[in-house]
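Let me begin by presenting the structure, written as structure tokens, before commenting on it.
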Amino acid sequence: MPELPEVEVVRRGLARWVPGRGVESVEVLHPRAVRRHLPGAADFAARIAGRTLDEPRRRGKYLWLPFGEAAVLSHLGMSGQLLVGEAAAAPQRHLRVRFAFADGGVDLRFVDQRTFGHLMVCPLVPDPHGGEAGVPDVIAHLAADPFEPVFDDEAFVRAIRRRRTGVKRALLDQSLISGVGNIYADEALWRAGLHGERPTERLTAAQARLLLRSAREVMAEALEVGGTSFDSLYVNVNGESGYFVRSLNAYGRRDEPCGRCGTAILREVFMNRSSYSCPHCQPRPRHAR
DNA sequence: AAGGGGCCCTGATTGC
DNA sequence: TGCAATCAGGGCCCCT
């Protein structure tokens, strides 16, 4: 499941293959892949054809390829992939959108099994968080991610403590902090020794800082080894898996011993998804949220 | 108005 | 054996 580190791996891959190349044609093979591009698939393709793509950018889990004052914005959802490969290669089973370039070189493909991901063209607007580069209008309401220079640590600490919800819910809220998904939320909470259902309003400033530091550290370590791949659904632009699954301490480790204390990792269903935690290191609060 | 729940989607796995 | 139920979950939308 692509979260910040996985999307950054993809961005770095695209940065090697895409900038400065002119798009010759865009083929939309499944309308759902561009469902958020309201003028439709034909308009999506027409807006990109003939344009030259710029350096890829990212905020949280969103990735975009700017061209002038607009950009192709992507979210990979659960199973989306952006792949670079020989233009003559056979189409993948779940190929949704294909970009061909005027130079006849490697093409760019959006492949997505579960179709939670999408692509759209949207205008760039000034960054509300003060970054120098513009950001796609439809994601201007999202928080910056903790790898960005414009991310304000103390503003995050104040904001999360003002919330009235559980810590894990807050971590997954992209308007508070971008880029954290279910896997890295569980890993950050494990590192910080906090249960995901702890009320945010009872976090001390020190605990909120520790949680932020934990999230940053775990995502930086994942990025170094190419991200987390459970199966072939997350790969880099060349189709290769990342290795961070070997370093997970909580996520997916039901009944396995905690790396700190040896207690069996607990799996619980929370927010209609799995949450993994150590019942000893991350005790459930008396007043859970 | 912030918070929380339902829903979308397909393939692998599990259960009867 | 074969079919059906279950599970995976990010983010939009809607309701309170």
Side-chain angles (χ1 to χ4, degrees), chain A residues 1-8 10 28-38 58-64 73-82 91-97 110-120 122 135-143 145 156 158-189 196-203 215 219 227-235 241 245 248 250-255 267-276 287-289:
Chain A
M1 294 120 233
E3 302 179 29
L4 188 156
E6 291 76 30
V7 180
E8 176 60 14
V10 172
V28 177
L29 295 107
H30 196 307
R32 189 172 151 78
V34 294
R35 64 192 176 282
R36 288 193 66 199
H37 188 85
L38 303 180
R58 183 189 57 72
R59 168 162 284 170
K61 305 173 199 174
Y62 283 91
L63 173 64
W64 63 95
L73 177 67
S74 73
H75 193 292
L76 302 178
M78 288 290 296
S79 55
Q81 306 175 337
L82 285 165
Q92 290 82 350
R93 171 126 185 241
H94 302 291
L95 177 62
R96 309 303 189 194
V97 180
F110 179 63
V111 175
D112 189 9
Q113 179 200 100
R114 294 181 196 164
T115 70
F116 274 34
H118 65 92
L119 303 180
M120 66 190 296
C122 50
V135 297
D137 61 349
V138 297
I139 66 162
H141 65 290
L142 295 183
D145 72 54
F156 168 80
R158 287 191 297 273
I160 193 171
R161 297 179 70 213
R162 277 199 303 266
R163 290 293 174 97
R164 294 286 182 273
T165 187
V167 179
K168 183 167 178 180
R169 272 198 152 87
L171 273 182
L172 294 173
D173 182 343
Q174 307 295 300
S175 65
L176 194 54
I177 177 171
S178 269
V180 181
N182 201 39
I183 298 170
Y184 297 111
D186 279 3
E187 292 300 307
L189 289 163
E197 294 182 46
R198 286 177 70 118
T200 47
E201 67 269 30
R202 295 193 190 181
L203 279 183
M219 291 197 292
T228 302
S229 303
F230 289 105
D231 46 38
S232 59
L233 289 186
Y234 160 69
V235 292
S241 292
V245 68
L248 295 175
Y251 190 87
R253 298 194 65 242
R254 180 183 200 165
D255 295 336
R267 174 188 179 267
E268 298 170 288
V269 174
F270 176 64
M271 292 173 71
N272 284 323
R273 58 204 61 180
S274 294
S275 281
Y276 299 87
H287 304 286
R289 278 240 154 97

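What you see below is based on every heavy atom in this structure, not just the backbone, and it leaves out hydrogens, waters and symmetry mates.
Where stacking is scored as ring centres under 5.5 Å apart with planes under 30°, A:Phe116 does not register as stacked on the base of C:dG11.
Between the CG atom of A:Asp112 and the P atom of B:dC8 there is a distance of 17 Å, rounded to whole Å. Rounded to whole Å, the distance from CG on A:Leu4 to C1' on C:dG10 is 14 Å. As a whole-Å value, the separation of A:Gln113 CD from C:dC7 P is 18 Å. Taking atom CD of residue A:Glu268 and atom P of nucleotide C:dA8, one finds them 13 Å apart after rounding to whole Å. Between A:Asp173 atom CG and B:dA2 atom P there is a gap of 11 Å when expressed in whole angstrom units. Look at CG on A:Leu176: it is 13 Å from C1' on B:dG3, rounded to the nearest Å. Look at NZ on A:Lys168: it is 17 Å from C1' on B:dG3, rounded to the nearest Å. At whole-Å resolution of the value, CG in A:Leu76 and P in B:dC8 are 22 Å apart.
Counting only distance, with no hydrogens or angles, the side chain of A:Asp145 and the backbone of A:Gly60 share a donor-acceptor pair below 3.5 Å.
Dashed line: the shortest gap from a side-chain N or O of A:His75 to OP1 or OP2 of C:dG11 is under 4.0 Å. For A:Lys61 and C:dG11, the shortest distance from a side-chain N or O to OP1 or OP2 is below 4.0 Å. At least one side-chain nitrogen or oxygen of A:Gln174 sits closer than 4.0 Å to the OP1 or OP2 atom of C:dG11. In terms of phosphate contacts, A:Ser79 brings no side-chain nitrogen or oxygen within less than 4.0 Å of OP1 or OP2 of B:dC9. In this structure, A:Arg164 does not reach the B:dA2 phosphate: none of its side-chain N or O atoms is under 4.0 Å from OP1 or OP2. Within the structure, a side-chain polar atom (N or O) of A:Arg169 is placed less than 4.0 Å from OP1 or OP2 of B:dG5. Of the side-chain N and O atoms in A:Arg254, none sit less than 4.0 angstrom from OP1 or OP2 of C:dC7. In this structure, A:Arg32 does not reach the B:dC8 phosphate: none of its side-chain N or O atoms is under 4.0 Å from OP1 or OP2. OP1 or OP2 of B:dG11 has at least one side-chain nitrogen or oxygen of A:His94 nearer than 4.0 Å.
Using a 4.0 Å heavy-atom distance criterion, A:Phe270 is classed as making no nucleic acid contact. Heavy atoms of A:Arg93 sit under 4.0 angstrom from primed sugar atoms or phosphate atoms, though from no base atom.
Counting only heavy atoms from C-beta outward, the side chains of A:Arg59 and A:Trp64 approach each other to under 4.5 Å.
Comparing A:Arg273 and A:Gly166 by the nucleotide of DNA chain B whose heavy atom lies nearest to each, the residue mapping closer to the 5' end is A:Gly166.
Between A:Tyr276 and A:Tyr251, the ring planes lie perpendicular to each other; the angle is over 60°, past the 30° to 60° tilted range.
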Give the C-alpha distance, both sets of side-chain angles, the deciding distance and a yes or no for side chain to side chain contact (heavy atoms under 4.5 Å, CB included) between A:Asp112 and A:His118. CA-CA 9 Å; A:Asp112 189 9; A:His118 65 92; over 6 Å; no
Dump the intermediate steps for side chain to side chain contact (heavy atoms under 4.5 Å, CB included) on A:Leu171 and A:Tyr184, then the final yes or no. CA-CA 9 Å; A:Leu171 273 182; A:Tyr184 297 111; over 6 Å; no
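Side-chain atoms of A:Arg163 and base atoms of B:dG3 include no donor and acceptor less than 3.5 Å apart.
Counting only heavy atoms from C-beta on, A:Ser274 has its side chain closest to C:dA8 among B:dG11, B:dC9, C:dA8.
A salt bridge does not link A:Arg267 with A:Asp255: every distance from a Lys NZ or Arg NE/NH1/NH2 to an Asp or Glu carboxylate oxygen is 4.0 Å or more.
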